[in-house]
Amino acid sequence: MLPKGPYNPNETESKILDFWHQNKFFKPEFDPRDGEVKSTEEMKQDDREPFAIICPPPNAYARPHIGNVSGYAYQDVFGRYARMRGKKTLLFPGKDHAAQEAETIYLRDVLAPQGKSKADFTREEFYAACYEYFTGIMLIAQADEKRIGLSADFDRDLFTLDPRVFETVMGTFIKMYEDGMVYKDVRIVNWSPGMQSVVADIDTARKEREAELIYIKYPLVEDPTKFVAVATTRPETMLGDTAVVVDPTDERYADLIGKYVKLPLTDREIPIIANGRVDKEFGTGAVKLTPAHSADDYTMMLEWNYKKDFNRMPQNVQDAREQIGAVGYINIIWKDLKLVGPVGKYKGMKVNAARAQIVEDLRALDLIEKTEKITQNVVICDRTKSVIEPIMSSQWFIDVDRLKQPALEALKAGEVTIHPDNMSKKLEFWLQNLRDWPISRSIWWGYRIPVWYKGEISEVVNDEGKIVIQIAGEDIADMQDAVKKGLIKVQTDSPGEGWLQDPDVFDTWFSSGQWPFATLTAENLMDTFYPTQIMETAFDILELWVARMIMLGIYTQGKVPFKDVYLHGLINAPDGQKMSKSKGNNINIDEIVEKYGADTLRMLYIVGNKAGASYRVDFDKLEGYRRFLNKIWNAAKFVEMNMPENHDWSEVPADLKIESNKKLYQHILDTHAEVTKLMNGFNIGIAAQVLFENFWHVFCDVCLEEAKPNLYPQKDKQTQEVISEPDPVAKTETQQVLGFALITYLKLLHPFVPFLTEEIWQHIKPEQKKESTLGYENWELS
RNA sequence: GGGCAGUUAGCUCAAUUGGUAGAGCUCUCCGUUUACACCGGAGUGGUUAUAGGUUCGAGUCCUAUACUGCCCACCA
C-alpha cells in the first residue's frame, strides 16, 4: 500500500538510488528478461539492439552547478526510453582533465594560497598532486550525476587521463604522424604572457581599451621627400615590418603599389603591396605589415604569397606581385617581451620601453605626422586576462584538411543529424573555415606529446628575426630534416638513453575529441556500441567538441561516432544572467534537490524547453512541478485504494461498455501515441509538456472524477444520504481501465520523473515482478 | 563587419513543422474538505516587435526595419 501523506521526494529518492545501483540495473549486462547481470561476453552475444550514449565528461576542476548537469537529465531521458524499448543500453560516464583550464585553476586556487608555485615541484610531483586533487572533485561530480538520476554505468566511469585511454590517444597522434598530418612549424601564435604559453584562438577574448594611434611617415625610396604615412597603435613593431599594404582599388595609392619605401630606424627597404582587407577609410588607408606580430598581417602575408584571389586583382597589383615576389616575416619580440632580431640599438629592450624610445626617435626625425586617441579591441587571454602578444613560434600542428572534408561530407550526407537542425549550418560554416589545429600546450597537466628529441630542443630568434629550432645544438630545417638526421622519433616510449620528450602536452580537446571511441575501447566495447546513437551536449561546445569528435571518429574508425546530436540550451540564473562562480549566482544541485527533489529539477530542465534554446531557473516553475509530483502521488493512491484485492495490474482492458471508460481508454491510447511520436522526433520538451497537461487536466481532473460514481456510493451533500450505488459490472470495468491507465502513465512518465514513478511501481507492482524496476517495463502497450 | 538565434498574456516560456494563439505563476469570483499541507470550476489578460509580401488560410514561409543575445572576425 502507498503510504499516507504528501510525497516526500528527498527520503524516497535516496532509497530508490540505492535500489537501482545495488541491483546494477544500469549496466548493459543486466538482462531484464531473467533479472540477472550477465558477463560482458554474454551481453555482446544477446540479441537486444544496442543503444549507447557517451556522456559528456564534466571538467575535473570544479563541481558542476545545476546548469552544468542539465544535460544529464536529457541523456537519462534518452537512455531510459531506450531501455523501456528493449535495448541493451549503455550510458557511459566520464570526467575530463581539462588540461589548460584545470592547471590554471590548480595553480591559482590551490598552490598560490599556500604560497607555492610550479617551481616547488618536479613535473611528476606536480602531475601526481593535480591527479589527487582533481580526483576528489570528480567524486563529488559523480555523486551529483547519480543524484540527478543519471542511469549511467558508474562502474565504468572513466577519466580522460586513465591509463586505458593512453594508447588510444597516442595511437591517433602516431597515425596522424605516419599519415603526414603532423608537422612542427613556425607560425603566428597567441602568446599569453600570463600563462607563459601559447593559447588557442578560442581561449582568447577581446577587450576595448584606449590607445594612441600614431601616424608614421615612411619615405619613398625613389623620392625621399615624399612619404607614405601609416597609422599604428604599436609603433615598436615597425622594426618587424616587411611591407606596407593598401587596398587594391584605392586610387590614392594605385601608382605606388609595387614601389618601395625606406623603413625608418632601419636600413631596410620594404615594398608596397595590396590586400582587400585594408579599410580605405581607416587611418591613411595604408597599413604597415608586421606578419610576426599581428594575426591580420600574418594572414595578409600568406594571401600575398599564395596569390589568393589574384585573378580578381587589378593588373597593376598582379604585376607588382610578379616583380616583388613573396614577402617574409621578421620576429622582433620574444617570449620575455624583449626585443630580438635585427633591431639594432633597441635589442634587449622591453616592449614598452622600446615603444617610447622609438616614438621619441621618430619625432627627432620628424617622421610622426600626428597622433590621435582611439578605442581599439585588444586580444586578451581569456583565463589570465593578460594582453596577448602575437609572436612567431614553432608549434605542433595537425593538418585539418584531411579531417574536415570527410566531416563535411558526412554532414551533407545526413550521417549525422543535429537537433536543432539550424545548428548544422553553424557547424558547416565552422568546418569550412577551419584552420590547422595547434595542439601543443606548454603545461604539465595532460598527455605529454609522444615526440622524442635526441638532446635538448630549443627555439631561438636569429639576427634576421627568423625562428630557428635546434636539437642538441644542431639547427633543424623541418620535421623531415630532423627525422632524416635521426634527431626526432614519434613513439610512446623513450627510444633510449639521452632522448628527451617534448615538454608540451596535448590540447585537452585532442583527447576529448576521441572520447566516443576512447571510452568504448578502454572497456573493449567497440564491437557492440560503436557508432553510438546520440550525443547530447550543450550547444556552446558544438564546434569545440562535437566537430572534433566527428572528424576524429571518421578519421580513426571510418565511421561517424554518433547518428544524432541533441543540443540543449544553457540554463541561466534566475536573473537571466549566465551562471558563474565569479558573479556569485551559481546554484549547486543540493540547494534545489533538497528542497524540491531531483525529479522536480529534471522537469525544470525538460518541460517545454526546446533544443538549443536557453532558459532560466524559475522557482515558480519548480514549485509547480513539485505539486505535479504530489498530484501523481495522490492519483496513484486514489487508484490503488479503489482497486480490488489482488488486482492484476498487467491487465489490458477489452470490450468496454461504459462511455467514460471508453473515453479514458482512448485517452491513454492517444497520449501514448502522441508521446511516443514526440520522443522519436527528439521533441522531448513537448513530450514532457503533453504528459504534464494530460495527466493533470484530463486524467485527474476529468477521468478520475467521472470514474468516482462507478467506484463507490454517492451521497447527497446536505443529508449525507446515499443517493446512488455503483453497478458491480461497471465497477469492475472501471477498475480495470483505471489500473491500465495508471500503469501506462507511470511508464510514460518514468524517463522524466524516474524516482517518483519507481517508488509508486515498487508499491503496486504485481507479485511476479518482485525485484524488478519500472525502468525495464515495456514501453509498448500490450 | 559576417553568421546564427530571439522578440507571443503583467512575469517565465510553449505552440508537435501552414489549419480556431496555450501552459505555469499572478489577479478576480465561485465551489470543494472520504486522492491532493491543497484541489476543482469559471473569468480577466495577446492586431504574436514594426511594415510589406506569398497563400483559401501565416506566430509559423519570403523581404525590409528596429531592438536583444550568442558565436565568428582583421579595422592596424
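Chain identifiers are assigned alphabetically (A, B, ...) following the order of the sequence lines, protein sequences preceding nucleic acid strands; residue numbering begins at 1 within each chain. Just so it is clear, the model here is predicted, and its values are computed rather than measured.
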Pick the [atom1] atom in [N] and in [M], then give their distance to the nearest Å.
N      : M      : atom1 : result
B/rA42 : B/rU54 : C1'   : 41 Å
B/rG43 : B/rU26 : C1'   : 14 Å
B/rG19 : B/rG57 : P     : 14 Å
B/rC30 : B/rU68 : P     : 46 Å
B/rU12 : B/rG6  : C1'   : 15 Å
B/rC56 : B/rG22 : P     : 25 Å
B/rU65 : B/rC29 : P     : 49 Å
B/rU48 : B/rU20 : C1'   : 15 Å

Any side-chain to backbone donor/acceptor pair from [X] onto [Y]? Under 3.5 Å, distance only.
X        : Y        : result
A/Thr242 : A/Gly328 : yes
A/Thr299 : A/Ala295 : yes
A/Trp633 : A/Leu2   : no

Do [X] and [Y] meet the criterion of a side-chain donor-acceptor pair at a distance under 3.5 Å?
X        : Y        : value
A/Tyr596 : A/Glu623 : no
A/Thr600 : A/Lys595 : no
A/Asp241 : A/Tyr218 : yes
A/His293 : A/Glu389 : no
A/Gln762 : A/Glu758 : yes
A/His419 : A/Asp564 : yes

Walk me through it: do A/Phe692 and A/Tyr625 pass the test ring pair (Phe, Tyr, Trp, His ring centres under 6.0 Å)? CA-CA 9 Å; A/Phe692 182 92; A/Tyr625 299 140; 5.8 Å; yes
With nearest nucleotides of RNA chain B determined for A/Asp618 and A/Leu704 from heavy-atom distances, which residue corresponds to the more 5′ nucleotide?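 Looking at RNA chain B, the more 5' nearest nucleotide goes with A/Asp618.
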Residue whose closest nucleotide on RNA chain B lies nearer the 5' end, A/Tyr615 versus A/Phe692: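 Closest to the 5' end, via its nearest nucleotide, is A/Tyr615.
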Using atom [atom1] of [X] as one end and atom [atom2] of [N] as the other, report the distance to the nearest whole Å.
X        : N      : atom1 : atom2 : result
A/Asp247 : B/rC75 : CG    : P     : 17 Å
A/Met641 : B/rU34 : CE    : P     : 11 Å
A/Glu543 : B/rC71 : CD    : P     : 10 Å
A/Lys621 : B/rC11 : NZ    : P     : 14 Å

Hey, does [X] reach any base, or is it just sugar-phosphate, or nothing, if we go heavy atoms under 4.0 Å?
X        : result
A/Lys631 : base
A/Asn634 : base
A/Thr232 : sugar-phosphate
A/Lys708 : base
A/Glu623 : nothing

Stem list, RNA chain B (Watson-Crick or G-U pairing under 3.5 Å, at least 3 consecutive pairs):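 Listed by first number, the stems are B:1-7 with B:66-72, B:10-13 with B:22-25, B:27-31 with B:39-43, B:49-53 with B:61-65.
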Taking only side-chain nitrogens and oxygens of [X], does any of them come within less than 4.0 Å of OP1 or OP2 of [N]?
X        : N      : value
A/Arg627 : B/rA37 : no
A/Asn630 : B/rA37 : yes
A/His697 : B/rG24 : yes
A/Trp696 : B/rG40 : yes
A/Arg616 : B/rC13 : yes

Is B/rU17 in the syn or the anti form, by the rule that syn lies within 90° of 0?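 You should classify B/rU17 as syn.
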Enclosure of A/Glu11 CD (heavy-atom neighbours >12, cutoff 6.0 Å):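 Counting other residues, nucleotides and ligands, CD of A/Glu11 stays at 12 neighbours or fewer.
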Smallest separation among heavy atoms of A/Met423 and A/Ile418, with atom names: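 Heavy atoms only, the tightest pair is CB-CG2, 3.8 Å.
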A/Asp620 to A/Asp618 - nearest heavy-atom pair and separation: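 Heavy atoms of A/Asp620 and A/Asp618 come nearest at N-OD1, 2.9 Å.
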All N/O pairs under 3.5 Å across the protein-nucleotides 42-46 of chain B interface:
none

Set out, line by line, the N/O atom pairs under 3.5 Å between protein and nucleotides 14-17 of chain B.
from: B/rA14; atom 1: O2'; to: A/Gln689; atom 2: OE1; distance (Å): 2.8

Assess the residue pair A/Glu705 and A/Lys708 against the criterion (salt bridge (charged side-chain N to carboxylate O under 4.0 Å, His left out)); give the C-alpha distance rounded to whole Å, side-chain angles, the decisive distance to 0.1 Å, and a yes or no. CA-CA 5 Å; A/Glu705 292 306 319; A/Lys708 283 177 181 176; 3.2 Å; yes
